[in-house]
Amino acid sequence: MVLAAIIPTQRANSDHVRILVEPGRFLVGNGGVLLTRVRYIKKTGAKKFAIVDAGMNDLIRPALYQSYHEIVPVEEASTSRSKNKSTEKIDIVGPVCESGDFFALDREMPELHEGDLLAIMSAGAYGFVMASNYNSRPLPAEALVRGDKVALIRKRQTWEDLVRDEAE
């Protein structure tokens, strides 16, 4: 669809134009979501933090170059909190003890609570493929969602998986 809009314009302007498109990022980047659960809410005198169970090893882009990923609370439409429209500034951070282990800093978010499920958007081209076992953290599971069907396509890595190939 994008090329259909560009090509006629370029043909009219020049016969020597070469158009390069990165379909992988264009198609896959926004197709993936990293789901994470709020484990703790921490308040200091100056800041509020939501510590989630995903870390920089699961999605490294924010730590590497402060990339922006929309973060959306996953909640049923019938919950009373979905009616509350107030927001607050909060840091969404992971459990890895590193200053770069964050997904969002000073982000306006609805009030979050321990146990809330969050969707970190646009993780498709960057999530699992760039994930690591940094700090001995197992890799997350992967699921494929097609319409109203969900299929597990990669199991969550276990501690046994991490140490299986260790030499004595």
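Worth saying up front: this structure is predicted, and the values here are computed from it rather than measured. Along the sequence shown, the residues carry numbers beginning at 1.
Closest non-hydrogen pair, Gly100 versus Ala63, comes out as O-CB, 3.0 Å. In terms of heavy-atom proximity, Ser132 sits nearest to Leu139 at O-CD2, 3.5 Å. Here the closest non-hydrogen pair linking Ile71 and Ala104 is CD1-CB, 3.8 Å. Summarising the geometry of Ala123 relative to Leu59, their closest heavy-atom pair is CB-CD1, 4.2 Å, with the distance given to 0.1 Å. Residues Ile51 and Gly94 share a closest heavy-atom pair of CG2-O, 4.1 Å. Taking every heavy atom of both residues into account, Ser136 and Leu162 meet most closely at O-CD1, 3.4 Å.
Looking at Asp106, its side chain never comes within 3.5 Å of a backbone N or O of Lys89 through a donor-acceptor pair. Between the side chain of Asp101 and the main chain of Gly55, no donor-acceptor pair closer than 3.5 Å is present. Between the side chain of His69 and the main chain of Ile120, no donor-acceptor pair closer than 3.5 Å is present. Of the possible donor and acceptor atoms, none in the side chain of Gln157 sits under 3.5 Å from a partner among the backbone N and O of Pro138.
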Just do the side chain to side chain donor-acceptor pair (under 3.5 Å) check on Glu98 and Asn135 with the steps written out, would you?
CA-CA 10 Å; Glu98 296 283 353; Asn135 213 22; over 6 Å; no
Checking Val96 against Asn57 for the side-chain contact (heavy atoms from CB on, under 4.5 Å) test, could you report, in this order, the C-alpha distance in whole Å, the side-chain angles of both residues, the deciding distance, and whether it holds?
CA-CA 8 Å; Val96 178; Asn57 62 296; 4.1 Å; yes
Could you walk me through whether Arg37 and Asp116 pass the side-chain contact (heavy atoms from CB on, under 4.5 Å) check?
CA-CA 6 Å; Arg37 191 163 303 279; Asp116 284 354; over 6 Å; no
Does the side-chain contact (heavy atoms from CB on, under 4.5 Å) test come out yes or no for Leu118 and Phe103, once each step is laid out?
CA-CA 11 Å; Leu118 303 176; Phe103 296 107; over 6 Å; no
Quick one: do Asp58 and Arg137 satisfy salt bridge (Lys or Arg N to Asp or Glu O under 4.0 Å)? Show the steps, please.
CA-CA 9 Å; Asp58 300 311; Arg137 289 178 46 86; 3.3 Å; yes
Applying side-chain contact (heavy atoms from CB on, under 4.5 Å) to Tyr68 and Arg61, what does each step give before you reach the verdict?
CA-CA 8 Å; Tyr68 179 91; Arg61 293 183 75 233; over 6 Å; no
Apply side chain to side chain donor-acceptor pair (under 3.5 Å) to the pair Thr36 and Asp53, showing each step before the final yes or no.
CA-CA 6 Å; Thr36 187; Asp53 58 5; 2.6 Å; yes
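Other residues, nucleotides and ligands contribute only 12 or fewer heavy atoms inside 6.0 Å of the OH atom of Tyr40.
Using a 4.5 Å cut-off on side-chain heavy atoms (C-beta onward), Gln66 and Phe102 make contact. Looking only at side-chain heavy atoms (C-beta outward), Met109 and Glu88 stay at 4.5 Å or farther from each other. Between Leu112 and Ile92, the closest side-chain pair of non-hydrogen atoms falls below 4.5 Å. Looking only at side-chain heavy atoms (C-beta outward), Val33 and Met121 come within less than 4.5 Å of each other. Side-chain contact between Val38 and His113 is absent, with no heavy-atom pair separated by less than 4.5 Å.
Here Leu64 contributes atom CG and Met56 contributes atom CE; the two are 7.5 Å apart, rounded to the nearest 0.5 Å. Of the inter-residue distances, the one linking Ile90 atom CD1 with Glu111 atom CD reads 9.0 Å to the nearest 0.5 angstrom.
Comment: Glu114 does not engage Arg39 in a salt bridge, judged by the lack of any side-chain N to carboxylate O separation of less than 4.0 angstrom. Ion pair Lys47/Asp91 flagged as a salt bridge, since at least one NZ, NE, NH1 or NH2 atom sits closer than 4.0 Å to an Asp/Glu carboxylate oxygen.
In the hydrophobic cluster analysis, where Ile, Leu, Val, Met, Phe, Trp and Tyr join through side-chain heavy atoms closer than 4.5 angstrom, Met130 is grouped apart from Phe128. One hydrophobic cluster, built from ILVMFWY side chains closer than 4.5 Å, holds both Val129 and Ile60. A chain of hydrophobic side-chain contacts below 4.5 Å, direct or via other Ile, Leu, Val, Met, Phe, Trp or Tyr residues, connects Tyr65 to Leu34.
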